[in-house]
Amino acid sequence: MFPRELDHAKVLYYTPKDEYGCIYYENGDIADRVGYLAIGRYRNDGVYYLFSCDENYEVVGDSIWDSVEECMGAANSSHGANIIWIDACNQ
């Protein structure tokens with residue numbers, strides 16, 4: 001089951017496990033493989049976070065966006081596909 005929080009942010013949406021790319025060191029070696037994506041929000045914060053997570057749900061990268069739709073759009077354009085999102089509030 002996907003965690004309800006990532007780095008103390010409430011998870012709003014997440015993806016099924018898949019291959020969403022890699023995080024690289026400056027020398028080009030693979031630092032982490034991204035197995036999940038999630039969108040979250042910190043309490044009292046007006047922005048949304050697109051989290052990249054490894055297969056153990058550990059956050060390995062994030063980016064900040066103004067809306068859930070912007071997070072989803074960034075994920076789709078970065079990963080070249082229509083990503084399936086699961087509404088965490090309905091789980």
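The first residue in the sequence is number 1, and the count goes up from there.
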Return the set of residues passing salt bridge (Lys or Arg N to Asp or Glu O under 4.0 Å) with K10 (not counting sequence neighbours), or none when no residue passes. none
Sequence neighbours left out, what passes side chain to side chain donor-acceptor pair (under 3.5 Å) with W65? Give chain and number order. S63
For the rings on Y20 and Y36, is their centre-to-centre separation under 6.0 Å? no
Could you give all pairs that pass the salt bridge (charged side-chain N to carboxylate O under 4.0 Å, His left out) test and reach residues 40-66, with sequence neighbours left out? K17-E55
Would you name the heavy atoms of V68 and L12 that are closest together and state the gap between them? CG2-CD1, 4.3 Å
Pairing residues for E69 by the salt bridge (Lys or Arg N to Asp or Glu O under 4.0 Å) criterion, not counting sequence neighbours: none
Would you please name every residue forming a ring-ring contact (aromatic ring centres under 6.0 Å, His included) with Y42, sequence neighbours left out? Y49
Which residues share a ring-ring contact (aromatic ring centres under 6.0 Å, His included) with Y13, sequence neighbours left out: none
Once ring-ring contact (aromatic ring centres under 6.0 Å, His included) is applied, do any residues pair with Y48, and if so which ones, sequence neighbours excluded? none
Approximate separation, where rounding is to 0.5 Å, of L6 CG and C53 SG: 4.5 Å
Which residue, V47, N76, L50, I64, forms the side-chain contact (heavy atoms from CB on, under 4.5 Å) with C71? L50
Which donor-acceptor pairs under 3.5 Å do the side chains of residues 28-35 make with protein atoms, sequence neighbours left out?
residue : atom : partner : partner atom : Å
D29     : OD2  : N27     : ND2          : 3.3

Would you please name every residue forming a side chain to side chain donor-acceptor pair (under 3.5 Å) with Y57, sequence neighbours left out? none
